Protein chains: 2
Amino acid sequence: MRNYKNQKKILLAVDCIIFGFDNKNLKILLIKRDFEPEKGHWSLMGGFIEPDEAIDDAANRILNDLTGLDNVYLEQLRAYGAVDRDPFERTISIGYYALIPISDKTILNKEFSAKWFNIADAPKLIFDHSTMVANAMARLRRRALGKPIGFELLPEKFTMKQLQTLYEAILGEELDKRNFINKINALDILLKTEEKDMNSSRKGSFLYTFDEVKYRRKVEEGFSFKL
Amino acid sequence: MRNYKNQKKILLAVDCIIFGFDNKNLKILLIKRDFEPEKGHWSLMGGFIEPDEAIDDAANRILNDLTGLDNVYLEQLRAYGAVDRDPFERTISIGYYALIPISDKTILNKEFSAKWFNIADAPKLIFDHSTMVANAMARLRRRALGKPIGFELLPEKFTMKQLQTLYEAILGEELDKRNFINKINALDILLKTEEKDMNSSRKGSFLYTFDEVKYRRKVEEGFSFKL
DNA sequence: TTTAATAAGTGCAATTTTAACACAAATTAA
DNA sequence: TTAATTTGTGTTAAAATTGCACTTATTAAA
């Protein structure tokens, strides 16, 4: 240290762990890398940070490049900086995890040959990307226990079952239906609509939406959820 | 993205939030910056990352530069990357927080004019360093609720009172003595020695040490502490 | 039209965890 | 000998969590 002169600069990248939920499983969006090294292998979506670009902006840009989406839920995980993590050239990467809905409306940029994978079925990833995914999963799990989750991952209207399945997918364990409903209701963030979803059962199940104001308030406050 | 050519490199730094405990208050170690910009102002200890150096190694090196200590508890916080966070030159910084004992044996490198401050009394810091400290505090608080803490911050032998005071300093609230002792004992990580510390009271209070094996096991396992 | 099948919807009791609380014991300085 | 100080110790009430089973609505099939 002492001053800025003679300090060497380093390549800086962002890699995005993009989570989605298909009403059944938690998934991640991976791309097939089209340049060396590791060309043709599965990878997180990533890109380099420009000198005049905030890290958060770079993450948003990179995510938009792939999905066309803006205003996505995006949160920094941490920096990954082993010297040889990228064998081609020293690159430090900052991991971000994103939550997006899996929707027909979202058109993925063809250029990247992206594909959704169930977390459990994900292929081997390049570099330290598998570590990033594992870290992101742990982070998402912690987040689900301390703040409401689902707004970013579920369709606008959803059934109680879907919400429970989402929690189960994130936490990796089965939850008791009655206890789950009691706890979610205690949070007071849901609005029950008059509508029923008739696809899942003969009886049909009521659709809910999030009360966005209350939801956001709970996100701020946080809580300690024992599901 | 697409390839590595024409990608611009960026200056990368590490800044350390160094926590200590003087048996009374939680403190942070700050330095007086001796170069521009912001020369003469209080700052976190920091330095640049070398091209052939892992980020973790850089953090250890920088901490060692100031304290002479090795094998310090050091954990990455996150990366700070606003474009103008350092007005002199675009620099992305990765924050690390460290836990070290405040001891007479530790000789601080004079060159940095370092000084311990109570968290509450800390001066205004340069750049976004105050944000880093706030983030580190929040992280430390969360850590204290999920894993044992104290091994890195307390002297080898300590009283129950000291441990409680440490928790109170980290959590920022007073704790009930009896409940605290019950919970700590339930963790089963302490060894009671025969010795008493006679400084704090006429009666004297028993000294404890950590059972390092059990302590480390609990660090791995984690728990959910409601103090 | 009746019956069978399916998932939705609903509450309570037992257990565990957490929170609140006060006084006696040991020691030394006055 | 007395006063002052901090240590050390359990119980009880309240709150949170867990485990558990039957009825309802509806449609597809018989």
Side-chain angles (χ1 to χ4, degrees), chain A residues 23-25 141 144-146 148 150 154-155 157-169 171-209 218 221-227, chain B residues 23-24 141 144-146 150 154-155 157-169 171-209 218 221-227:
Chain A
N23 296 331
K24 196 93 193 276
N25 293 295
R141 216 169 281 138
L145 296 174
L154 290 169
K157 295 175 184 174
F158 51 87
T159 65
M160 200 54 99
K161 184 71 192 301
Q162 280 175 284
L163 184 59
Q164 181 177 342
T165 305
L166 171 61
Y167 269 93
E168 289 176 333
L171 300 177
E173 58 179 321
E174 303 219 325
L175 302 173
D176 178 87
K177 179 170 49 160
R178 275 175 292 189
N179 292 342
F180 180 77
I181 292 171
N182 289 157
K183 289 204 180 142
I184 288 291
N185 282 334
L187 285 182
D188 185 32
I189 54 173
L190 294 187
L191 292 170
K192 191 176 189 169
T193 70
E194 301 288 292
E195 293 171 73
K196 281 192 164 190
D197 168 48
M198 299 309 294
N199 298 318
S200 61
S201 76
R202 309 200 200 284
K203 183 176 176 180
S205 56
F206 281 104
L207 288 166
Y208 292 79
T209 60
K218 285 283 177 194
E221 288 173 10
F223 48 73
S224 182
F225 224 4
K226 199 80 210 289
L227 283 164
Chain B
N23 296 332
K24 196 93 191 282
R141 215 169 282 136
L145 296 174
L154 291 168
K157 293 175 186 176
F158 52 88
T159 67
M160 199 54 98
K161 186 70 193 303
Q162 280 174 282
L163 184 59
Q164 181 177 342
T165 305
L166 171 61
Y167 268 93
E168 289 175 335
L171 300 177
E173 60 180 321
E174 304 220 322
L175 302 172
D176 178 87
K177 178 169 51 159
R178 276 175 291 188
N179 292 342
F180 179 78
I181 292 172
N182 289 158
K183 289 203 183 144
I184 289 291
N185 282 334
L187 284 183
D188 184 31
I189 55 172
L190 294 186
L191 293 170
K192 192 175 191 170
T193 69
E194 300 288 292
E195 293 171 73
K196 280 193 166 193
D197 168 49
M198 299 310 293
N199 298 319
S200 60
S201 76
R202 309 204 201 286
K203 183 178 175 179
S205 57
F206 281 103
L207 288 166
Y208 291 78
T209 59
K218 285 282 179 198
E221 286 173 13
F223 49 73
S224 181
F225 225 3
K226 199 80 211 285
L227 283 161

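Chain letters run A, B, ... following the sequence lines, proteins first, then strands; residues in each count from 1. Everything numeric in this text was worked out from a predicted model, so none of it was measured.
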Counterpart residues, salt bridge (charged side-chain N to carboxylate O under 4.0 Å, His left out), relative to B:Glu194 (two or more places apart):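 With neighbours one apart ignored, the set is empty.
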
Just jot down the salt bridge (charged side-chain N to carboxylate O under 4.0 Å, His left out) partners of A:Asp188, sequence neighbours excluded, or say none.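 Listed in chain order: A:Lys214.
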
From the options B:Leu171, B:Asp176, B:Ile184, select the one residue that forms a side chain to side chain contact (heavy atoms under 4.5 Å, CB included) with B:Leu227.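 Exactly one candidate clears the test, B:Leu171.
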
Which residues pass the ring-ring contact (aromatic ring centres under 6.0 Å, His included) test with A:Phe206, not counting sequence neighbours?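 Counting only residues at least two positions away or on another chain, A:Phe206 forms no ring-ring contact (aromatic ring centres under 6.0 Å, His included).
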
Name all residues meeting the side-chain hydrogen bond (donor to acceptor under 3.5 Å, both in side chains) criterion together with A:Lys203; count only those two or more places apart in sequence or in a different chain, and write none if there are none.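 Counting only residues at least two positions away or on another chain, A:Lys203 forms no side-chain hydrogen bond (donor to acceptor under 3.5 Å, both in side chains).
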
Over all heavy atoms of both residues, which pair between B:Lys218 and B:Ile189 is shortest? Give the atoms and the distance, please.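 Closest approach of B:Lys218 to B:Ile189: CG-CG2, 3.6 Å.
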
Please determine, for the side chain of A:Lys192, which listed nucleotide (C:dT10, C:dA8, C:dA19) has the closest atom?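 Per side-chain heavy atoms of A:Lys192, the pick is C:dT10.
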
Grab the N/O contacts between the protein and nucleotides 13-16 of chain C below 3.5 Å, and write none if there aren't any.
none

Spacing between [X] atom [atom1] and [N] atom [atom2], to the nearest angstrom:
X: A:Asn199; N: C:dT6; atom1: CG; atom2: C1'; value: 14 Å
X: A:Leu163; N: C:dA8; atom1: CG; atom2: P; value: 13 Å
X: B:Leu227; N: C:dT17; atom1: CG; atom2: C1'; value: 13 Å
X: A:Ile181; N: C:dC12; atom1: CD1; atom2: P; value: 16 Å
X: B:Ile184; N: D:dT7; atom1: CD1; atom2: P; value: 16 Å
X: B:Gln162; N: D:dT7; atom1: CD; atom2: P; value: 10 Å
X: A:Phe180; N: C:dG9; atom1: CZ; atom2: P; value: 13 Å
X: B:Leu175; N: C:dT18; atom1: CG; atom2: C1'; value: 13 Å

Treating primed atoms plus P, OP1 and OP2 as sugar-phosphate and everything else as base, which nucleotides of nucleotides 21-30 of chain C get B, S or - for protein heavy atoms under 4.0 Å? BB--BBBBS-

If you draw a 6.0 Å radius around [atom1] in [X], do more than 12 non-hydrogen atoms from other residues or ligands fall strictly inside?
X: B:Glu174; atom1: CD; result: no
X: B:Lys196; atom1: NZ; result: yes
X: B:Lys183; atom1: NZ; result: yes

Does a nitrogen or oxygen in the side chain of A:Lys183 sit under 4.0 Å from OP1 or OP2 of D:dT18?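 Answer is yes, contact under 4.0 Å.
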
Which residue lies toward the 5' end of DNA chain C, A:Lys161 or A:Asn182, if each is placed at its nearest nucleotide?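 Checking each residue's closest nucleotide, the 5'-ward one belongs to A:Lys161.
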
